[in-house]
Amino acid sequence: MTETEARPTETAPAAKTYDVLIIGAGVTGLHQLILVRELGLRVRVIEAGSGVGGTWYWNRYPGARLDSESYSYQYAFDQELLDEWNWSELFAEQGELERYFNRVADKYDLRRDIDFDTRVESMVFDEETSTWSVHTVDGDLYRARVVIAATGILSEPNFPRIPGLESFEGEWHHTGLWPEEPVDFTGKRVAVIGTGASGVQVIPFVAKTAAHLTVFQRTPNWAVPLRNRPLAAEEMAEIRAGYPELFERLRASFSGFMHSWDPVTSTDVTPEVRDARFEEAWHSPGFAKWIGMYHDIGTDPEANRVYCDFLARKIRERVHDAATAEKLIPNDHLFGTKRVPCETNYYETYNQDNVDLVSLGENPIERFTPTGLQTREGHLDVDMIVLATGFDAFTGALNRLDIRGVGGQTLRDKWKDGPLTYLGIGVAGFPNLFIMGGPHGKGGHGNSPRCSEQVVEWMARFVEDIFEQGTERVEADAQAERVWTDHIYQVAADSLMSTTRSFFFGDNVEGKPRAYLAYLGSLPEFVEQLQGIRADGYRGFHLS
Ligand code: NA7
């Protein structure tokens, strides 16, 4: 169906009117579009970027790649696509993922329903008509009964509050907003700020060709080797033959990953057996070294410390300069209490003569200048600055939409002390707005397509029921929201993750209140709850 044009008034632009508006053409938004379109509803996607893929569109810095095995991170709903697509590496790089999502967009002719280069400026709920008015930065107006915000968890870049960036006369880039044109480090003096998952990926690439690289580290991370390798055609064929069992297994797993915690307790085995197991994991790919480990490493601080000692030894073996090695070993948090970055030659990079590491605790950056960075100890001249400073995760992208619900309340205000949601999907006071992949949803700790697919399917059924039953207004119940949010906090409080600062708690961003933002329950448990809630006539939502 085509859009209908509402009559423009003198002050308002003509509204483009749809049944369902989806914000974001990333992993979740594309899948949601495919399913909502099948319902025959008028649906449109608004996307700030110029292409599809979300994370894999924006994070195009050299070295960007998956930490989940490629074949576990793809849509499972299209057998033809599964049959046709060959992953070239165990952990695909950004370009391959972007090609994959473009292939999906081509196959389903999705672009005809997507407005690219369109950024939402504000969204207002009209209580009389029970519709959302969505205003874009370019002055366009969309109106829709239902809005699905698929804006992503790690999509709003975090900028350090260091003054003067606008005065810097060289080139600067944020890893999460990397340009399409190639960035050339050759012969340049480069500063990289940030040593999280993005930092450890980009740093070895910069060091290869830069004249000099200075890495500014706020806190060291427990980064572990990715162990990437090419996937030969025969291996790919074997993997493909096992897809039905694979996807079934991943759906039944805790977070949709290939690895799951070992039921064996590390203290039940001899130190020799334990150390051999650590060593074996160290040589295994991806998250085998994290969520494939003895389960008590995720729950018992003492067991975790023994593993930290092993990992610290590995860092000391790899970094020649003892003082640099010590700087790279975390002493403020246990292993796995933050997102574990996976790296390739990250630690060896510090053995290069053209690379320096600066601890911001010892030598903070005071300001950016036209020619570089002024630190407490002196000025550093650089030609390029790379900000690998992460994201205002979970809530940043939603807050930026400037969402105004019942009575003009803003979502930002409602969430000023931390988000309140029902299932991570609905928010009391914000009817007909559904969040896919935001705070309190399963995706924060999981493999994104695996964690979102069943929720997106559930949402499509909900949308179908809403329109079939002529429901005008759907709103999460405030009490159901309280119970869900308390449940979220309770599970997190019992976890080792609560012992440190991280983007899971929001306190990676200066000034953001500390509140747990993800969901630590299991994927099957979450999906079962969703199904029960639907069976009970969407318990916890008011439909009218
Ligand atoms: P992360 O993991 O949040 O890492 C950001 C890094 O930037 C981390 O080292 C931060 O230090 C550092 N940071 C953040 N703010 C500042 C300021 N103000 N000054 C100096 N350094 C700062 O984000 P990534 O992009 O690396 O990874 C995000 C996800 O992408 C990851 O989980 C994967 O899913 C892919 P900190 O450690 O907080 O002290």
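Just so it is clear, the model here is predicted, and its values are computed rather than measured. For ligands, and for the atoms within them, numbers begin at 1 and follow the listed sequence.
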(message) Looking at Pro204, is its backbone amide N or carbonyl O close enough to the side chain of Asn345 to form a donor-acceptor pair, meaning the two atoms are under 3.5 Å apart?
(response)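 Pair absent, no side-chain N/O of Asn345 close to backbone of Pro204.
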(message) Going by the closest heavy atom to atom 26 (O) of ligand 1, which one wins out of Ser198, Pro157, Pro220, Ser68?
(response)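 It is Ser198 that holds the nearest heavy atom.
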(request) Give the single entry among Pro364, Gly194, Pro160 that approaches atom 12 (C) of ligand 1 most closely by any heavy atom. (result)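 Ranked by closest heavy atom to atom 12 (C) of ligand 1, first place is Gly194.
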(request) Answer with side chain, backbone, both or neither: which part of Ile162 has a heavy atom less than 4.0 angstrom from an atom of ligand 1? (result)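 The answer is neither.
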(request) Please list all pairs passing the salt bridge (charged side-chain N to carboxylate O under 4.0 Å, His left out) test where one or both residues lie in residues 351-364, with sequence neighbours left out. (result)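 The answer is none; no pair qualifies.
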Less than 4.0 Å is my threshold; does some heavy atom of [X] fall inside it relative to ligand 1?
| X | result |
| --- | --- |
| Lys338 | yes |
| Gln201 | no |
| Thr175 | no |

(request) Mark yes or no: Lys208 above the aromatic ring of Phe205, with NZ or CZ under 6.0 Å from the six-membered ring centre and no more than 45 degrees from the axis. (result)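 Yes - Lys208 lies over the ring of Phe205, closer than 6.0 Å to its centre and within 45° of its axis.
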(request) Mark yes or no: Arg227 above the aromatic ring of Trp282, with NZ or CZ under 6.0 Å from the six-membered ring centre and no more than 45 degrees from the axis. (result)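 Pair Arg227/Trp282 counts as cation-pi.
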Protein residue, atom and distance nearest to [atom], heavy-atom basis:
| atom | value |
| --- | --- |
| atom 38 (O) of ligand 1 | Arg218 NH2, 2.9 Å |
| atom 4 (O) of ligand 1 | Gly196 CA, 3.4 Å |
| atom 34 (O) of ligand 1 | Arg339 NH2, 3.2 Å |
| atom 23 (O) of ligand 1 | Gly390 CA, 3.2 Å |

(message) Before you tell me yes or no, could you show the steps for His31 and Ser452 under side-chain hydrogen bond (donor to acceptor under 3.5 Å, both in side chains), namely the whole-Å CA-CA distance, both residues' side-chain angles and the distance that decides it to 0.1 Å?
(response) CA-CA 9 Å; His31 188 191; Ser452 70; 5.3 Å; no
(message) Checking Val355 now: which residues fulfil side chain to side chain contact (heavy atoms under 4.5 Å, CB included) with it, not counting sequence neighbours?
(response)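 Side chain to side chain contact (heavy atoms under 4.5 Å, CB included) check on Val355 returns Ala207, Leu213, Thr349, Tyr350, Gln352.
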(request) Just say parallel, tilted or perpendicular for the rings of His445 and Phe504, cut-offs at 30° and 60°. (result)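 Parallel, since the angle between the ring planes stays under 30°.
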(message) Under 3.5 Å between any N/O of Leu360 and any N/O of ligand 1: does that happen in this structure?
(response)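 N/O-N/O distance below 3.5 Å does not exist for this pair.
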